[in-house]
Amino acid sequence: MKKKRLFLIPLCLLLLAAAWFLLRSRIPQRWYTADELGIPQLQSPLDADGDGVDDWTDMVLGARSYIATNPHYKSKYYAGGYPDDGLGVCTDVIWQAFRAAGYSLKALVDRDIAENPACYPNIETPDGNIDFRRVSNLDTFFRRHAQVLSCELDDPAQWQPGDIVIFGDRDHIGICSDRRNRQGIPFLIHHGNPIDEAVERNDMGKYVITGHFRWMG
């Protein structure tokens, strides 16, 4: 009986740690605006969908609206390319953001792959149903068609709402919010953290940043 009790102790500690991690992830985080922190905030000179809101603001609002639907994280293949069952992955935050600004990221990526296959050596046979939902392909696309920026976090003004950020070995992607932490670093809107949530949180420093891009149209 004593050995059984000793076995239950680490199990209880593990359950308590998991419960704390889940609770902590749901506690609203204090955030600041660029104005509050004295950081210049840029707006895109473009308004692709003509709604009177600049592209980068539209992207942030679109990404925020998407995560508000609480998609569950699961990687699946869809005929037509677009998830239609409440599931999704990190790349879905990005095309949803682009759609809100008036762009079809799928069409843009598909065309670039078709016209420049040598730039995508990892693709043996193009597949419009999935190519635009792979981080490695988006990394290549943005390096070719967006402004490539610093991956260092030492100057918060270099990080603006709507910026696209890629992490690790091209295995995660998110978009910068217009909300910032106390140091001025933007919150990250992304999907696929360990507790299966699409979130807008102070997560930028949790990952190794390997790509930072700004869409210029």
Side-chain angles (χ1 to χ4, degrees), residues 18 21-22 24-25 59-60 62-64 66-67 69-78 81-83 85-99 103-106 108-110 112-113 116-154 158-177 181 185-215:
F21 183 82
L22 181 62
R24 182 173 177 270
S25 71
M59 289 179 179
V60 171
R64 186 175 290 146
Y66 171 63
I67 66 169
T69 67
N70 296 315
H72 292 287
Y73 190 91
K74 186 173 183 179
S75 180
K76 286 178 59 177
Y77 181 92
Y78 297 88
Y82 297 108
D85 53 6
L87 304 177
V89 292
C90 61
T91 49
D92 294 316
V93 175
I94 309 305
W95 69 256
Q96 290 274 10
F98 269 67
R99 171 181 281 182
Y103 299 93
S104 169
L105 186 58
K106 180 182 185 303
L108 292 168
V109 172
D110 287 348
D112 198 46
I113 292 171
N116 304 279
C119 295
Y120 297 85
N122 58 308
I123 299 178
E124 295 183 5
T125 303
D127 185 347
N129 292 323
I130 194 66
D131 287 338
F132 75 110
R133 297 180 69 229
R134 297 192 189 280
V135 180
S136 59
N137 294 338
L138 293 185
D139 182 79
T140 298
F141 176 79
F142 288 127
R143 288 185 189 280
R144 287 173 43 76
H145 298 286
Q147 184 180 6
V148 181
L149 302 167
S150 171
C151 293
E152 301 298 325
L153 294 173
D154 52 349
Q158 295 299 313
W159 297 83
Q160 293 290 326
D163 286 1
I164 308 299
V165 192
I166 289 178
F167 303 91
D169 187 20
R170 304 197 301 179
D171 52 17
H172 191 51
I173 191 170
I175 188 168
C176 290
S177 169
N181 66 18
I185 303 304
F187 277 27
L188 184 68
I189 304 175
H190 65 129
H191 190 191
N193 62 4
I195 57 171
D196 180 29
E197 281 189 305
V199 295
E200 180 176 10
R201 293 184 62 82
N202 182 24
D203 287 344
M204 194 77 76
K206 292 184 177 180
Y207 310 91
V208 177
I209 298 171
T210 53
H212 175 199
F213 312 102
R214 187 168 298 155
W215 181 250

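Worth knowing before you read on, the calculation uses all heavy atoms, side chains too, and leaves out hydrogens, waters and symmetry mates. None of these values were measured; they are calculated from a predicted model. Positions are given from 1, in the same order as the sequence printed here.
When side chains are defined from C-beta on, Leu153 counts as touching Trp159, because their heavy atoms get closer than 4.5 Å. At a threshold of 4.5 Å between non-hydrogen side-chain atoms, the residues Ile130 and Arg133 count as touching. Annotation: side chain of Asp171 is not in contact with side chain of Val135 (no heavy-atom distance under 4.5 Å). Contact of the Tyr78 side chain with the Asn129 side chain is not registered, since no non-hydrogen atoms from C-beta on lie closer than 4.5 Å. Side-chain contact between Pro126 and Asp110 is absent, with no heavy-atom pair separated by less than 4.5 Å. Inter-residue side-chain proximity for His190 and Val93 is flagged as unmet; no heavy-atom pair is nearer than 4.5 Å. In this structure the side chain of Val89 reaches within 4.5 angstrom of the side chain of Tyr73, judged on heavy atoms. When side chains are defined from C-beta on, Val148 counts as touching Phe213, because their heavy atoms get closer than 4.5 Å.
Just one residue in the list Phe141, Phe142, Tyr66 forms a ring pair (Phe, Tyr, Trp, His ring centres under 6.0 Å) with Phe98, and that residue is Phe142.
A cation-pi arrangement is found for Arg99 relative to Tyr82, the charged atom lying closer than 6.0 Å to the ring centre and inside a 45° cone about the ring normal.
Smallest separation of non-hydrogen atoms from Ala97 and Ile175: CB-CD1, 3.8 Å. For the residue pair Ser177 and Val60, the shortest heavy atom distance occurs at CA-CG1, 4.4 Å.
Between the OG atom in Ser136 and the OH atom in Tyr120 there is a gap of 10.0 Å [rounded to 0.5 Å]. The distance from atom CD1 of Ile166 to atom CD1 of Ile209, rounded to the nearest 0.5 Å, is 11.5 Å. Annotation: the span from Asn181 atom CG to Arg201 atom CZ amounts to 12.0 Å, rounded to 0.5 Å. The CG atom of Asp92 sits 11.0 Å away from the CD1 atom of Ile173 when rounded to the nearest 0.5 Å. The NE2 atom of His145 lies 6.5 Å from the CG atom of Asn116; values are rounded to the nearest 0.5 Å. With rounding to the nearest 0.5 angstrom, the NE2 atom of His191 is 13.5 Å from the CD1 atom of Ile189.
Looking at residues two or more places apart in sequence or on another chain, you find no ring-ring contact (aromatic ring centres under 6.0 Å, His included) involving His72. For Phe167, the ring-ring contact (aromatic ring centres under 6.0 Å, His included) test picks out His172, Tyr207, with sequence neighbours left out.
Side-chain atoms of Asn137 come within 3.5 Å of backbone atoms of Asp131 as a donor-acceptor pair (strictly under, hydrogens ignored). With hydrogens and angles disregarded, no donor-acceptor distance shorter than 3.5 Å links the side chain of His212 to the backbone of Cys151. Proximity of a side-chain donor or acceptor of Thr210 to a complementary backbone N or O of Gly168 within less than 3.5 Å is detected.
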- Query: side-chain hydrogen bond (donor to acceptor under 3.5 Å, both in side chains) between Gln158 and Ser150: does it pass, once the steps are laid out?
  - Reply: CA-CA 8 Å; Gln158 295 299 313; Ser150 171; over 6 Å; no
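Centroid-to-centroid, the aromatic rings of Phe132 and Tyr103 stay 6.0 Å apart or farther.
Around the CG atom of Asp85, the shell of radius 6.0 Å holds more than 12 heavy atoms that belong to other residues, nucleotides or ligands.
Contacts classified as salt bridge (charged side-chain N to carboxylate O under 4.0 Å, His left out) and involving residues 139-152 (residues at least two apart or in different chains) are given here: Asp112-Arg144, Asp139-Arg143, Asp139-Arg170.
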